[in-house]
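Everything below concerns the one structure shown next.
A note on names: the letters A, B, ... follow the listed sequences, proteins ahead of strands, and every chain is numbered from 1.
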Amino acid sequence: MEKFVVRGPNKRSCTSDALIRSPRKKIKLEEDERMKEEEDEDEALAEFSNPVPWQKIEAEGLDCDYAQLFSTEEADKLFKQLEEEVVYSTGEEAKVQVFGKVYNIPRKQATYGDAGLTYTYSGVRRSACPWTPTLESIRDAVTKTTGQTFNFVLVNRYKDGQDHMGEHRDDEKELDPLCPIASVSLGAARDFIFRHRDARGKQSRRQIEPVRLELAHGSLLLMNPPTNTFWYHSLPVRKKVLLPRINLTFRRIVLDRKK
DNA sequence: CAACTCGCACGGTA
DNA sequence: ATACCGTGCGAGTT
C-alpha cells in the first residue's frame with residue numbers, strides 16, 4: 001500500500017539528478033537555486049525508508065515516483081527472456097492513421113493481460129494475450145514494491161533511437177483513474193519528457209518547464225494521478241541510441257461488465 | 001578564439 | 001497517434 005519514499009539524499013534529485021542535462025541555461029540556473037536550498041533537512045527520516053530508494057518527481061499536477069527496481073544482472077536476464085517470449089503485432093495491427101494517412105508505428109507493440117480483457121488506445125481496440133511467465137513475474141515484482149495490482153500491460157519495443165513515441169496522455173476511459181501506471185524499462189536508456197498541457201504550442205498562456213527524465217535499464221516509473229490529466233509525455237528520437245529498449249506499462253483496466 | 005559546418009532537437013503543420 | 005520541414009543551437013573543427 002504505502003510507498004516508502006526516501007526523503008533524504010534523493011529528495012532533490014527529481015529536479016537535478018533525474019533531469020537530463022539541458023542545453024538551455026535557464027534550466028541550469030534553476031537547478032543551482034534549488035541546490036542551494038534543501039541541503040540540511042530530512043536526515044532523521046532516512047531510517048523509515050524502504051529498501052527501494054524512491055525518487056519523488058513533482059510539479060504542478062505531476063506526481064511520479066522513480067526507482068531502480070532490478071539490478072543490472074536481473075534486468076539483463078529479463079530483457080533476454082522478453083526478447084524470446086513477447087510476440088508483437090504485425091500487419092494492419094502495426095499501423096496507425098493520422099490526418100488521413102496510414103503510417104507504420106515507429107516501434108513494436110504487444111498487449112498482455114487477464115483473460116477476456118480488451119483495451120482501446122490510439123483509436124483501436126484489441127484484446128490481451130495471456131500473461132507470459134516473465135511478464136507475470138515482472139508484474140508481481142511491481143506489485144510487491146508498490147502495493148498496486150495490475151491486470152494489463154502494454155509492451156513497446158524501440159529497436160534503437162530512431163524508434164519513438166509522440167506526445168500523448170494515457171487518458172483512456174477504461175483505465176482505473178485511481179491506479180497509477182507503472183512503467184518498467186529494460187535495455188537502452190532513453191530520455192522521457194513530460195510537458196504540461198497548458199505549456200504547449202507557441203502562445204501557450206503558461207510558461208511551465210518540461211520535466212525531463214532518463215529511464216534506466218531496470219527502472220520503474222510510477223505515474224500517479226492526476227499526472228495523466230495535466231501532463232503529456234513522449235519518448236523522443238535520440239539518434240545516438242543504437243540499442244533496443246523494451247518498455248512495459250502496467251495498467252488497471254476497469255471491468256466492463258455489460259453484455 | 002572567431003568563423004564556419006554539421007547534425008540534432010524542437011515546434012508547427014497537415 | 002504520425003511524418004515532414006524550417007529554424008536555431010551546440011559541438012566540433014580549423
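Across all strands shown, Val237(A) has heavy atoms under 4.0 Å from sugar-phosphate atoms exclusively, and none from any base.
Between Arg126(A) atom CZ and dA1(C) atom C1' there is a gap of 12 Å when expressed in whole angstrom units. We find that OH of Tyr232(A) is positioned 12 Å from C1' of dA1(C), with the value rounded to whole Å. Distance Glu209(A) CD to dC10(B) P: 12 Å, rounded to the nearest Å. Taking atom NZ on Lys239(A) and atom P on dA9(B), their separation rounds to 7 Å, with Å as the unit. The NE2-C1' distance, from His233(A) to dA1(C), rounds to 12 Å in whole Å. Taking atom NZ on Lys240(A) and atom P on dG7(B), their separation rounds to 13 Å, with Å as the unit. Protein atom CZ of Arg190(A) is 10 Å distant from nucleotide atom P of dA9(B), rounded to whole Å. For Ile193(A) and dC10(B), the CD1 to P distance is 6 Å, given to the nearest whole Å.
Taking side-chain N and O atoms only, Arg200(A) has no distance below 4.0 Å to OP1 or OP2 of dG12(B). Proximity of Arg238(A) to the phosphate of dC10(B): a side-chain N or O atom is located under 4.0 Å from OP1 or OP2. Taking only side-chain nitrogens and oxygens, Arg212(A) never comes nearer than 4.0 Å to OP1 or OP2 of dA9(B).
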Table please: side-chain donor-acceptor pairs of residues 171-181 of chain A below 3.5 Å, with sequence neighbours left out.
unit_1: Glu174(A); atom_1: OE1; unit_2: Thr120(A); atom_2: N; d: 3.4
unit_1: Glu174(A); atom_1: OE2; unit_2: Thr120(A); atom_2: N; d: 3.1
unit_1: Asp176(A); atom_1: OD1; unit_2: Leu178(A); atom_2: N; d: 2.9
unit_1: Asp176(A); atom_1: OD2; unit_2: Arg252(A); atom_2: NH1; d: 3.3

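Residue pairs that meet the salt bridge (charged side-chain N to carboxylate O under 4.0 Å, His left out) test with at least one member in residues 77-91 of chain A, sequence neighbours left out, are Glu83(A)-Arg157(A).
Listed by chain and residue number, Gln109(A), Arg126(A) satisfy the side chain to side chain donor-acceptor pair (under 3.5 Å) test with Tyr121(A) (two or more places apart in sequence, or in another chain). Judged as a side chain to side chain donor-acceptor pair (under 3.5 Å), and not counting sequence neighbours, the contacts of Glu74(A) are Ser71(A). Scanning for side chain to side chain donor-acceptor pair (under 3.5 Å) contacts around Lys159(A) gives Asp163(A), with sequence neighbours left out.
Contact check on Glu167(A) versus Arg195(A) returns a salt bridge, with a Lys/Arg side-chain nitrogen under 4.0 Å from an Asp/Glu carboxylate oxygen.
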Reading 5' to 3' through nucleotides 2-8 of chain C, protein heavy-atom contacts under 4.0 Å coded B for base, S for sugar-phosphate only, - for none: BS-----
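Remark: aromatic rings of Phe192(A) and His233(A) are close, center separation under 6.0 Å.
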